[in-house]
Every structure is written in C-alpha cells, then in structure tokens.
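To start, the structure under review is shown below, and the notes come after it.
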Amino acid sequence: MSNALPDWTGDTAALRAVQDDLAQRVSLRDDFAKPLRTIAGFDVGFEEDGAITRAAAVLLDADTLDVIDQRVARLPTRMPYIPGFLSFRELPALLEVLAMLPAAPDLAFIDGHGIAHPRRLGIAAHFGVATGLPSIGVAKKILTGEPRMALHEMRGAFTPLRRGKEQIGWLLRSKPGCLPLIVSPGHRVAMPSAPELVMRFTGKYRLPEPTRLADRLASRRDPGMRDAGSADLFDRGTG
DNA sequence: GCGACAG
DNA sequence: ATCTTGTCGC
C-alpha cells in the first residue's frame, strides 16, 4: 500500500490521493476484543507557538477505568493545519506516543473525526488503518455533513450525521446542557457501535474518560487538583 | 465566485 | 490548536 504519511511538499492533491486509497482499507465491522480489556484516549496539543506537536495517550482498564499508564510525545511540527488534512499534521506524534505505551489498547478513542470526513479518512480512521487498531473518532465540531434531526436534550440521545443520503457518523448528547459530540467509527468498529462505546465510557463530563484524560495531558495545563478523587470522576449519579 | 472549514 | 479573567447558567 502507499505510504500512509508522505512528506509535506505543499501538495494537497497528493495527500488527497493517499486518503482515497487508505479510506478503502477502513473496516466498518465490529472487530475488537470482547470483552474489552483496555482502552486508550489520544489527543494532540501544541507548544512553542505551534513549532512543537505534543501527543498524549492514556491507557485505561476498560472495567475499572483505572489509569494503567499515560505518556506524552513531542515532535517538531511538520506541516500547517489544513481543514481535511489534519491527520497528516498530527498522526506522526500519535504514532510516537502509541509506541511509548506498555501495550496497545483493545480500542482507541481519538480526538477528531473517524469517517465523518470529506473523503472518509479523518484522523481516527487514518490512525486505525495505519496501526491496525480498532478506533473511534470523538470530535467537538462538525467538519462535514448535516444532522438528520434536532437532538433531544436527554443524556445519551443521538441522531445520524449524514452527507446526502449516507450516514457518516452521529451527533451524541453525552451530557445534558452541553453541545453534542460528533462520533464516528474510525476502524474495525461498526456505525451502530460507535455511540454505544462512547457512552459506555462517559461519566459526569461531556467527553468520554479516555479522551478527557488525554485532553488534559495534551493541553499544557496542569492536572486539575481541585476535583474529587478518581473514584467519582466516573460517577453517573444515583437517579 | 461565495461560504464552510476537525485540531 | 492557542492567547486568557471573569462571568453566566444549571
């Protein structure tokens, strides 16, 4: 197959060709460990005015959500942010931090889109195909597509995100009163499973735990010291 | 040509 | 993404 990460020459047409090729290798069938043993969240941030790309990974026990390990990788930034080509800018750092983990996760949650992309190869899908790992994209904003209908306010409500007639993902209300998450399969995860898996690992915050924790590591802010213990970070309340 | 545009 | 205090709302 063609190189999943060609050097940046300023030619987006070449990258587009790579995306079209890799998108064909994406599998939208559930093909991950059952039951899931470990999951991981990945996110990217920048330092030095963007000169340095920092990727964060947090490996969690899928049952207890205990943090097994967390890592940060820093690499020189190699290309600018161009809508639709985000993965070529951030994937190198993600692959680097993945290699730093003691073991690969059974499922990866990536901050960004899966197949909810103009050419069906958002960063979560690109990551999945490049690593062979099952992955799901969890984004905060739509890149492309339209919601099928208005979303209910209740926690867990979802509606398809589609481009024309085809569904490319979902809008998921992970938390009442918050803007919905845009969830889409990355690789080896079926469309109906994506929102289920995200909700399974979402507690009292808008972002699911894997991505939320990776977010805090990637963002250059210190680990919050004002919250309660980890035990209730995942508290869903009693009723 | 115009507007949209993950992080 | 990132620069950043206080402020509004559940």
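Basis for what follows: all heavy atoms, side chains included, without hydrogens, waters or symmetry-related copies. It should be emphasised that the depicted structure is a prediction, and the values quoted were computed from it without experimental measurement.
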Using a heavy-atom cut-off of under 4.0 Å over every strand shown, decide if [X] touches base, sugar-phosphate, or nothing.
X      : value
A:Y81  : base
A:F85  : base
A:I123 : base
A:G122 : base
A:G137 : nothing

Got [X] and [Y] here, is their nearest side-chain heavy-atom distance under 4.5 Å?
X      : Y      : result
A:W8   : A:L15  : yes
A:W170 : A:T159 : no
A:L94  : A:V44  : yes
A:V72  : A:R54  : yes

When the distance from [atom1] of [X] to [atom2] of [N] is rounded to whole Å, what number comes out?
X     : N     : atom1 : atom2 : answer
A:D43 : C:dT2 : CG    : C1'   : 13 Å
A:R89 : C:dA1 : CZ    : P     : 11 Å
A:F42 : C:dA1 : CZ    : C1'   : 19 Å

Notebook entry, point to check: Is it the case that A:T53 and A:T77 place a side-chain donor and acceptor less than 3.5 Å from each other?
Noted result: yes

Note to self: Can you see whether A:R188 engages A:S135 through a side-chain donor-acceptor pair at a distance of less than 3.5 angstrom?
What the structure shows: no

Check: Hydrophobic clusters join Ile, Leu, Val, Met, Phe, Trp and Tyr when side-chain heavy atoms are under 4.5 Å apart, directly or via other members; which others share one with A:L171?
Finding: A:I142, A:L151, A:L161, A:I168, A:I182

Check: Where along residues 105-118 of chain A does a heavy atom come under 4.0 Å from DNA chain B, residue by residue in number order?
Finding: A:D111, A:H113, A:H117

Check: Listed in order of residue number, which residues of residues 183-193 of chain A have a non-hydrogen atom at under 4.0 Å from DNA chain B?
Finding: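 The answer is none.
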
Notebook entry, point to check: In Å and rounded to the nearest 0.5 Å, what is the CD to CD1 distance from A:E90 to A:I110?
Noted result: 10.5 Å

Checklist line | A:E48 CD: over 12 foreign heavy atoms closer than 6.0 Å | finding: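 No - once you tally the heavy atoms of other residues, nucleotides and ligands closer than 6.0 Å, there are 12 at most.
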
Could you tell me whether [X] and [Y] make a salt bridge, using a distance below 4.0 angstrom between a side-chain N and a carboxylate O?
X      : Y      : result
A:R162 : A:E146 : no
A:E166 : A:R163 : no
A:K140 : A:D111 : yes
A:R25  : A:D21  : yes

Notebook entry, point to check: According to the Watson-Crick and G-U wobble definition with distances under 3.5 Å, which dot-bracket string, read 5' to 3', encodes DNA chain C, using [ ] for crossing pairs and | for pairs with another strand?
Noted result: ..........

Please enumerate all protein N or O atoms sitting under 3.5 Å from an N or O of nucleotides 3-8 of chain C, with distances to 0.1 Å.
unit_1	atom_1	unit_2	atom_2	d
C:dC3	OP1	A:R220	NE	3.1
C:dC3	OP1	A:R220	NH2	2.2

Item checked: Span of DNA chain B, from the first to the last nucleotide whose atoms fall under 4.0 Å of chain A heavy atoms ->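 Reading along DNA chain B, I get B:dC5 to B:dG7.
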
Notebook entry, point to check: What about the rings of A:H152 and A:F158, do their centers lie closer together than 6.0 Å?
Noted result: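 They do not qualify: ring centres at least 6.0 Å apart.
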
Check: So, A:F201 versus A:F109, ring centres under 6.0 angstrom or not?
Finding: yes

Next item on the list: Measure the acute angle between the ring planes of A:H126 and A:F88, then classify it against the limits of 30° and 60° as parallel, tilted or perpendicular.
Entry: perpendicular

